[in-house]
Structure formats: C-alpha cells, structure tokens
Number of protein chains: 2
Amino acid sequence: MNTPESIKKTSSYHHGNLKESLLTTALEMVDKEGIDALTLRELTMRLGTSRSAVYRHFPSKEALILGVIEKGYERLDLLLTPIFQDKHSSVAERFDRMGREYLDFAIHHPTLYRLLFGDKYHREREELCDYKDENQATGLYALIGLLLEAQEQGIIAQANPMVQAAMVWASIHGLASLLIDGHLLMRENMEEIYVYSQSVLLNGLKRIPKDE
Amino acid sequence: MNTPESIKKTSSYHHGNLKESLLTTALEMVDKEGIDALTLRELTMRLGTSRSAVYRHFPSKEALILGVIEKGYERLDLLLTPIFQDKHSSVAERFDRMGREYLDFAIHHPTLYRLLFGDKYHREREELCDYKDENQATGLYALIGLLLEAQEQGIIAQANPMVQAAMVWASIHGLASLLIDGHLLMRENMEEIYVYSQSVLLNGLKRIPKDE
DNA sequence: ATTAAATGTGAACAATGTCAACATTGCCTT
DNA sequence: AAGGCAATGTTGACATTGTTCACATTTAAT
C-alpha cells in the first residue's frame, strides 16, 4: 500500500509493526530506566497491546532482550566504525578517539552497556575471534586492524594483534565497568585516569620485553 | 554452655545459628549454582526453616546478599593479602602473583566475582579511594602500596599511585570480566594473553610519556 | 468468497519476595 | 524458681512477573 509506515493503520487490533516497536521501546526502557524496569506488562502497555502479544514475535523475554542487544551493538558500531575508518587521522589519534567514544558510550548508556558485555544474555557472535581481513571493520574487530596498522608504522611492537586487541579492549572495558558500576570513586579524575591509561597502553605496546 | 557450636541444639524450633548459616549457605549456592539459583525458599528449605525466617535476620533479600558480598570480599582478601605482604618476593614477582591469583579467583568463582564487582548490589566501602597508609593493606588498597614500592625501586615511573592502581586494576578486572562473561573465546590462549598483558602494563608504567 | 496463517486477547498458573498475625523458645528480672 | 518480654520461627496470604492456553480478529492466499 502507499501508506507510509510511520502512519499507524486505522485498525486498532493489529498493531502493524509490533516486533520493531517492541525492540525499539524495550531498548529505550532499558537505556533510560534500567533493565529491571523492563517488564513485559509495562512494555506492552506502552504500546497499547496485551502482555502475551510479545509471544507472537519472540519465544521468550530473553529472546526479546537478545534482539535489544543486537540493536545496541549496532548503535555502538555506528559510533566506533567511523573513527576506525577515518584514514585522515593518525593511528594515535584514532586510538585515542576510539577509547573516548567507547567510554562515553558506557557512561551515557550504562545499563545498555552492561547488557551488551555482561554475562546474563548472549548473542551468538563473539568478539575478537576469527579475524579474517581488515575489511571486517565492524565494531571491535576494527581494533585489530588499527593495531596492525600501528605495527606497520612501527608505533607499537610486532605481536599477535588478537592478543594485543584483547589486552587493550580489556583495559578500556575494565575502566568502563568499574566506573559505571560505582567501584571507582574518581569521577572527577576521569580525564586524568583515561589519559594516563592510554599512555601506559601505548608505551607498553611499544616495547617487547626481552629479558625477565 | 559447654556445647560446641558445631553441634546443633536439640531444639528443632530455634535453629540457633541461622544468620551465619544463611550467609554461608547462600554464598555456597551463589558460588556453585549461580545467583539466580539463590531463592529464599530454596535457601531456607536446605536449612530446614521456613521462608520468612530470613526476615528475622535480614530486612530483605538484598541485605542478605550484601552480607554474602562481604563474605566474598573476605575470601578474596584472604588470597591476595599474603601475596602483597610477602616481602621475600620481588615487586615484579608479587605483581605477577597478585594478577594470577585475582584472575584465578574470578575464573573459579565467576558468579561470586560478578556479585562483588558488579553493579546490582553494593556494599558501603569503595575500592581505591581515600588511601591513607600502606598498613591499610587489605585487598586492593594493597595494590597502591605495591606500586609505591615499585616507584621507590625505580621499577616504574613516579605518578599518582591511585591513578596507577586504578589503571592496573581496570586492566585485570577487564580481562577477568570478559573471560568469565564469555566475550573472549580465547581460553586456550589465556596464559599468553595474561603474560602479554602484564608485560605491557609493567613496560607502560616504566616510562612516563614526556612529549605528545 | 473461503480458508488458513498470522497476530492479538483474556484468563489462568507457577515461582518468588514480602508481610502480617500467630507460635515457640530463651533470657532477664524479681 | 516464676513471670514476662524480646528474639526467633511458622503459616497463610498477597502482589508482581513470565508464561501458556484457548479463543478472537485480521490479513493474505487460493
């Protein structure tokens, strides 16, 4: 039909776009009110449908949340990918911007971030494994490409880039987690910690330990 | 009375040691079966009491869990403190052993670890803030002392030890979290990642970035 | 137009944390 | 030793939540 999808059908029985609306609204609820605020009753009430309508589109609440997670990854990728792909910036610049953007995402979307990188719900795809080529630039895989580039330019030492990426990611993820989970009461020192952290990382990656 | 506390009272009505038993059994359930397996009904059933008996000792399930967390911190401290205080080992050795012990704890007690350093439940005390003196050697505060010692010996560069500790802790915490939450499919590479990670940290801490 | 698949509804159920009223025990004061 | 009170434990009930089932309504295909 020629009806734009943004316009609701006159039919009040069939929602018309329930699956997508469920995901979008659920993501919003998780992001703004926390994961505990996401109950099927509240979610469906906001969309004007009944609780069990969810089960026509998702086999369980968990499946719905997995959908939300997929959407969350897309949002994060949307922020990170342009930075990784900006060939006009130096490697060091991109490294810095990537870390800041990642931390900002976690700080501004703590519940969503925990959902993405927590343990309770998992999507199929895993991070930082089976890296094939640098065109596989999505999300954290792009970090491997960036590190390879850094190796070629002699900015950091040669080493298994997947191991390097795991180390770097773990550092930033750890910082993000401790921060948003309230274990580092140093919010005012955040800039100092971040800058110091990045410099330790880059300096540490620069030299391979020979002896000891 | 002369009755050893390990021997249950003949009275079947009053448990006699319910608060401690609740904490111990709850910790065991969390550790071995996951946080979701910890329901008040199951917990009290195992102890032979009724569900609501819990509320004579804890105002809520959350309060009980906070008690479990406190016990969890004690266990972790019990593992870490001896390492930090072993003045016979070199700083580098202690640094390595601390990291390994910390990671081992997370790997062998993933649910408990998430409880300790997650966001859902919080104890009052926070980590790595208000460090007073190196005698305050408990848990992660001891890391600050170790870093100060490393600074004195010239093993790492002079810098704010709290910032250094936050950076180091975040790195190891990030590695532990990603691992136990299934985001790093590199379990077989674990040793390699850990060793590399520690060398990057030590090398990075060694040099203060002057320019750039 | 008929039929079947897709989608939505309402009632009901089980699990769970919580609470209130009541029961039992232990301890303290006299 | 007796009485009384606080501590501790029990039972039944309730609200919330995810889930399921039988049924209703709409859409699409034949």
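In what follows, every chain begins at residue 1, and chains take the letters A, B, ... in the order their sequences are listed.
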Take atom [atom1] of [X] and atom [atom2] of [N], then tell me their distance rounded to the nearest Å.
X     : N      : atom1 : atom2 : result
B/F58 : C/dC19 : CZ    : P     : 15 Å
A/E42 : D/dG18 : CD    : P     : 11 Å
A/R56 : D/dA24 : CZ    : P     : 14 Å
A/L22 : C/dT7  : CG    : P     : 12 Å
A/I35 : D/dG18 : CD1   : C1'   : 14 Å
B/L18 : C/dT24 : CG    : P     : 19 Å

Listed partners of A/D96 passing salt bridge (charged side-chain N to carboxylate O under 4.0 Å, His left out), at least two apart: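 Once residues adjacent in sequence are excluded, the partners of A/D96 under the salt bridge (charged side-chain N to carboxylate O under 4.0 Å, His left out) criterion are A/R100.
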
Collect all protein-nucleotide pairs involving nucleotides 16-18 of chain C in which both atoms are nitrogen or oxygen and the distance is under 3.5 Å.
{"residue": "C/dG17", "atom": "OP1", "partner": "B/K61", "partner atom": "NZ", "Å": "2.5"}
{"residue": "C/dG17", "atom": "OP2", "partner": "B/L40", "partner atom": "N", "Å": "2.9"}
{"residue": "C/dG17", "atom": "N7", "partner": "B/R41", "partner atom": "NH1", "Å": "2.6"}
{"residue": "C/dG17", "atom": "O6", "partner": "B/R41", "partner atom": "NH2", "Å": "3.1"}
{"residue": "C/dT18", "atom": "OP2", "partner": "B/Y55", "partner atom": "OH", "Å": "2.6"}
{"residue": "C/dT18", "atom": "OP2", "partner": "B/K61", "partner atom": "N", "Å": "2.9"}
{"residue": "C/dT18", "atom": "O5'", "partner": "B/Y55", "partner atom": "OH", "Å": "3.0"}

If the plane angle is over 60° it's perpendicular, under 30° parallel, otherwise tilted; pick one for A/Y102 and A/F117. tilted

Could I get the full list of side-chain hydrogen bond (donor to acceptor under 3.5 Å, both in side chains) partners for [X], not counting sequence neighbours?
X     : answer
B/K32 : none
B/E20 : B/K71
A/E42 : A/R46

Kindly point out which of D/dT8, C/dT9, D/dT10 is positioned nearest to the side chain of B/H57? D/dT8

Applying side-chain contact (heavy atoms from CB on, under 4.5 Å), can you list everything that pairs with B/S89, at least two apart in sequence or on another chain?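 By the side-chain contact (heavy atoms from CB on, under 4.5 Å) rule, B/S89 matches B/D86, B/E93, B/R94, B/R97.
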
